[in-house]
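Read the structure below first, then the notes.
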Amino acid sequence: MTATNYSFAKPHFLGIAGLNRPEVESLLELADRYIELNRRTVKISDKLRGLTQINLFFEPSTRTQSSFEIAGKRLGMDVINMMVQTSSVSKGETLIDTAVTLNAMHPDVLVVRHSASGAAELLSQKVDCAVINAGDGQHEHPTQALLDALAIRRALGRMDGLRIAICGDIAHSRVARSNVALMNLLGAEVRLCGPPTLLPSDADRWGAEVFHNMDEAVTGCDVVMMLRLQNERMDSAAIPSAREYFRFYGLDRARLAKAGKQALVMHPGPMNRGVEIDSELADDPQVSLITGQVEMGVAARMAVLDMLVSDRADSDRAGDAP
Amino acid sequence: MNRDAQPILIRNARVMDPASGLDEQMDLAISGGKIVELGKTLAQTDEMQSVDAAGLVLCPGLIDLKVKTGEPGSEHRETLHSAGLAAAAGGVTTMVISPDTDPVIDDAALVEFIARSSRSKSLVNVLPAGALTKGLAGQKMAEIGLMSEAGAVLFSNGDQSIASADVMRKVLAYAGAFNALVSCRAEDATLAGSGVMHSGELSSRLGLKGIPIAAETINIARDIALAELTGGQLLIDQISSADGIALVRGAKAKGLEVFCSVSVHHLTLNELDVGEYRTFARLCPPLRAETDRRALVAGLADGTVDAIVSAHDPRPAEEKRLPFAESTPGACGLETLLCGALSLVHNEEISLIELLRGLTSGPADLLGLPSGRIETGAPADLILFDLDTPWVCDAGQLLSKSKNTPFDGRRMQGKTSATLVGGEVVYDSHGLFAG
């Protein structure tokens with residue numbers, strides 16, 4: 001099967017907002033196939049051979065960057081990682097300067113992470129190649145949402161009608177924003193829970209129900225997704241202490257017991273064990289999807305890369321794609 | 001609460017209950033620490049102790065939302081024990097202890113310490129208030145959730161307002177998740193500066209640095225706006241000015257969860273009581289003009305003011321026998337809370353039942369307490385008082401360890417006769433329950 005079976009008309013992959021359900025379904029189906037490829041011993045497809053992918057990370061990242069790198073390499077692309085320091089120069093200028101410079105090297109896809117919301121969008125306006133948003137500020141992290149949806153669908157067989165709680169620092173989370181959008185698109189009932197200082201009061205308009213009491217929020221849920229509490233939140237007076245946070249907003253077995261019987265636990269990583277999630281729970285393969293999420297990440301990103309740029313590749317060389 | 005105490009029948013009292021508007025001569029029966037019956041003429045059983053309270057008012061015990069003691073840290077000023085004695089004599093059956101002690105009550109273990117140790121030390125109910133910010137520094141939010149669980153009934157920043165609007169926003173928002181009441185003094189510290197009394201003609205004549213009313217209204221307006229933004233419950237502690245009352249009245253008309261308290265001293269005294277540099281009348285916020293005082297009373301009558309507090313702040317002589325500007329602000333108030341407030345009734349400024357609302361059901365409703373009302377099943381936290389007997393306040397006679405009352409030497413009318421906490425008699429000046 002080739003990518004021509006799938007419809008994806010957009011030039012970039014900047015966010016879940018703006019996607020429609022068929023596009024998402026196509027991406028998830030394609031990703032499902034890549035999971036099979038990734039489990040083989042020889043994992044290389046040369047579908048995108050000859051194309052160039054640049055990972056442009058203005059923020060340090062381990063898992064997302066390596067996941068994109070592996071995804072690109074398994075599709076046969078030449079992958080270059082660029083870590084850019086954002087310290088001194090005004091960020092807007094640096095971003096556009098960098099974009100223009102890189103564009104002159106004729107890459108086929110730019111994977112960008114930046115601490116400013118809207119950075120990927122801005123960059124996409126300045127370059128000729130496809131841009132993938134690997135996280136922009138507190139706005140979107142669409143490939144994370146895609147891999148989360150993939151993990152949930154593979155574990156529970158569906159997304160429609162599931163009740164999912166996303167808990168923690170919603171206010172500063174691009175993962176939460178992308179996930180709410182995608183889960184809504186796929187028919188899940190989404191709940192958001194966090195202290196009022198970390199959960200914007202208008203979040204109910206995102207298409208989710210807002211809770212400030214964790215026990216109430218997880219009641220009857222099929223999936224509980226915990227978010228990372230950034231250390232800087234602790235210093236910004238948004239919450240009093242790690243121990244109080246864990247007491248009221250952390251996930252442990254007692255609290256998970258209030259969720260549905262087979263409820264699964266997710267976390268985009270990296271985890272703060274003992275702050276937002278109990279260590280033993282995070283490591284329990286019976287309930288934790290956390291390691292599975294990482295595996296899904298590579299496949300989901302391969303699907304996105306494939307969808308976006310396969311028409312750039314010579315159809316002769318699209319050979320043994322899944 | 002002593003559940004084994006002998007049942008009591010109080011007969012022929014003028015029973016006043018602001019929660020229900022009741023004001024009638026009735027009998028009231030107490031058993032097992034609770035009010036069990038209320039009626040015109042109740043039957044007396046052999047086991048009951050019968051008390052004739054003819055001529056006395058029987059009303060719920062007073063609930064005081066703002067009491068400072070010196071325990072822990074400054075026991076020479078006041079202990080929980082001595083504050084309890086003063087409270088019982090003043091008709092206060094529940095006092096909320098301000099967190100500005102040493103150490104500051106900003107941690108669940110300290111809240112538990114106050115709640116637990118008070119039971120054995122104090123004659124009256126003691127409820128701890130937790131600090132809003134760590135060390136009351138106004139910077140880092142304290143553990144509001146854990147302290148709530150440990151028994152803190154409200155959260156206060158002591159006598160300091162929170163300078164940062166961002167921190168205030170966060171504590172109001174965060175406390176909302178725990179349905180916790182945030183109590184805050186309204187004073188812009190930069191504007192109040194080193195002022196020591198109300199800013200006006202008198203302060204300039206006395207050569208004392210004034211604190212303008214704007215120092216209060218700026219913060220009231222800010223905090224009301226933040227309460228609206230966050231949906232938090234805000235209690236503005238000790239309003240002193242007419243403009244401040246107007247702001248709260250406006251917030252309530254908007255339907256916001258904004259409440260306020262006024263101290264008995266601000267309801268009954270004005271800047272003229274500073275007189276010739278009387279340091280007992282140095283308060284924080286300062287006593288204001290007579291027009292302000294009248295506006296506070298009007299606010300109490302129309303329900304804008306939710307609670308009258310004693311703002312009990314015991315200060316020993318060495319902090320008061322000083323030049324006015326060098327003295328420490330604050331006044332003892334527990335023992336004179338009721339009798340001081342009664343002067344408003346005798347001066348026909350407010351009705352007795354409206355006054356009592358601010359001392360009983362008003363604060364009880366803010367904290368969600370079952371007390372503060374007379375109904376069957378409610379805790380028998382009750383007082384009997386004589387409305388009319390004249391007497392002269394003598395600071396030297398106060399039961400508080402510190403004797404700083406601005407009412408010193410003032411003619412008073414009406415006094416507590418007996419105080420019951422959980423059905424137990426903790427104060428009985430006329431031996432009513434002795435027989």
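Within every chain, numbering begins at 1; the chains are lettered A, B, ... in the order of the sequence lines, protein sequences first and strands thereafter.
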Nearest heavy-atom neighbours spanning B:Ala173 and A:Thr197: CB-CG2, 4.3 Å
B:Arg373 atom CZ: more than 12 heavy-atom contacts under 6.0 Å: yes
Between B:Ala142, B:Gly176, B:Ala108, B:Ala175, the one whose heavy-atom pairs under 4.5 Å with chain A are most numerous: B:Ala142
Interatomic distance, B:Glu143 atom CD to A:Arg247 atom CZ [nearest 0.5 angstrom]: 12.0 Å
Inter-residue atom distance B:Tyr174.OH - A:Glu244.CD, 0.5 Å rounding: 3.5 Å
Sidechain-backbone polar pair: B:Lys170 side chain, A:Pro196 backbone, donor-acceptor under 3.5 Å: no
Nearest non-hydrogen partners of B:Ala177 and A:Tyr249, listed with the distance: CB-OH, 3.6 Å
Most chain A-contacting option - heavy-atom pairs closer than 4.5 Å, from B:Thr133, B:Val167, B:Ile144, B:Leu229: B:Ile144
Portion of B:Gln139 that has a non-hydrogen atom of chain A nearer than 4.5 angstrom: backbone
